[in-house]
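In what follows, a single structure is set out as structure tokens and then discussed.
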Amino acid sequence: IIFLLAGVLPLGIAMNKTGAAELLSRWILSSLESLGPMAVLSGFFLLAMLMTNIISNQASAVLLAPIMISAANSMSANPRAFLFALAFASSLSFATPVGYQTNTMIYNAGRYRFSDFLRIGVPLSIILWLVGTLLIPVIWPL
């Protein structure tokens, strides 16, 4: 786990320094802005959820928080809703054994395969992405 964390933190730094995170967020904003703030929120939710399965949840939240706040402000939307979406999405690392320490710990101990995480984690993540996209704007209006 220590080596895993030591490996994913530089990945997050590299995504930041190379501009990959900014590029992804600009693509989401330009693609979905015409559909409204809820679509942009959903796109960022999906991006954060995917990133947290590759890099740590803290790294994905730190990378995306300023970008999501900026995107919300540019659309005159509530940045608080975007930050809550980021907080929830960054906690949804079910699809890979490398996204979260507990997943990594049980990976070998339980004799799981990578495909086991995909088979269960992807549908669960999709359900929670849809629920989050629908409920976050209800609780924190855009």
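Residues take their numbers from the sequence shown, with the count starting at 1. Computation of the quantities below employed the complete heavy-atom set of this structure, encompassing side-chain atoms and omitting hydrogens, waters and symmetry-equivalent molecules. Keep in mind that this is a model prediction, so the values were computed, not measured.
Ile139 and Ile136 fall within a single hydrophobic cluster, where Ile, Leu, Val, Met, Phe, Trp and Tyr are joined by side-chain heavy atoms under 4.5 Å apart, directly or via other members. Residues Leu46 and Val131 do not share a hydrophobic cluster, defined by chaining ILVMFWY side chains whose heavy atoms lie under 4.5 Å apart. Taken together through direct or relayed side-chain contacts under 4.5 Å among Ile, Leu, Val, Met, Phe, Trp and Tyr, Ile120 and Leu128 form parts of separate hydrophobic clusters. Placement of Phe114 and Ile54 within a single hydrophobic cluster is found when ILVMFWY residues are connected by side-chain heavy-atom separations under 4.5 Å, directly or transitively. Each of Leu135 and Phe84 belongs to its own hydrophobic cluster when Ile, Leu, Val, Met, Phe, Trp and Tyr are linked at side-chain heavy-atom distances under 4.5 angstrom.
Considering all non-hydrogen atoms of both residues, Ala95 and Val122 come closest at CB-CG2, 4.0 Å. Across Asn57 and Ser60, no two heavy atoms sit closer than the pair O-OG, 3.0 Å. Taking both residues in full, the closest heavy atoms of Pro123 and Leu118 are given as CD-O, 3.7 Å, listed atom of the first, atom of the second, then distance. In terms of heavy atoms, Pro137 sits closest to Leu41 at CG-CD2, 3.9 Å. Among all heavy-atom pairs drawn from Ser56 and Thr52, the shortest one is C-OG1, 4.0 Å. In terms of heavy atoms, Leu86 sits closest to Ala48 at CD1-CB, 3.7 Å.
A heavy-atom distance below 4.5 Å is not found between the side chains of Thr96 and Phe117. Between Ser42 and Trp129 there is a side-chain heavy-atom pair separated by less than 4.5 Å.
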Please assess Arg80 against Leu83 for the test side-chain contact (heavy atoms from CB on, under 4.5 Å), listing each intermediate value before the final yes or no.
CA-CA 5 Å; Arg80 181 174 285 163; Leu83 289 176; 5.7 Å; no
Phe45 and Phe82: side-chain contact (heavy atoms from CB on, under 4.5 Å), yes or no, with the steps?
CA-CA 8 Å; Phe45 193 106; Phe82 279 73; over 6 Å; no
| task | Check the pair Ile126 / Leu130 against side-chain contact (heavy atoms from CB on, under 4.5 Å), numbers first and verdict last. | result | CA-CA 6 Å; Ile126 291 170; Leu130 294 172; 4.2 Å; yes
How far apart are the C-alpha atoms of Glu33 and Ile28, what are their side-chain angles, what is the distance that settles it, and do they pass the side-chain contact (heavy atoms from CB on, under 4.5 Å) test?
-> CA-CA 8 Å; Glu33 189 172 23; Ile28 286 174; over 6 Å; no
Show which side-chain atoms of residues 62-76 pair as donor or acceptor with protein atoms under 3.5 Å away, not counting sequence neighbours.
| unit_1 | atom_1 | unit_2 | atom_2 | d |
| --- | --- | --- | --- | --- |
| Asn73 | ND2 | Ile69 | O | 3.3 |
| Ser74 | OG | Ala71 | O | 2.8 |

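Rounding to the nearest 0.5 Å places OG of Ser90 at 9.0 Å from CD of Gln58.
Take Arg119 and apply the salt bridge (Lys or Arg N to Asp or Glu O under 4.0 Å) test, not counting sequence neighbours, and it matches Asp116. Judged as a side-chain hydrogen bond (donor to acceptor under 3.5 Å, both in side chains), and not counting sequence neighbours, Ser125 has no contacts.
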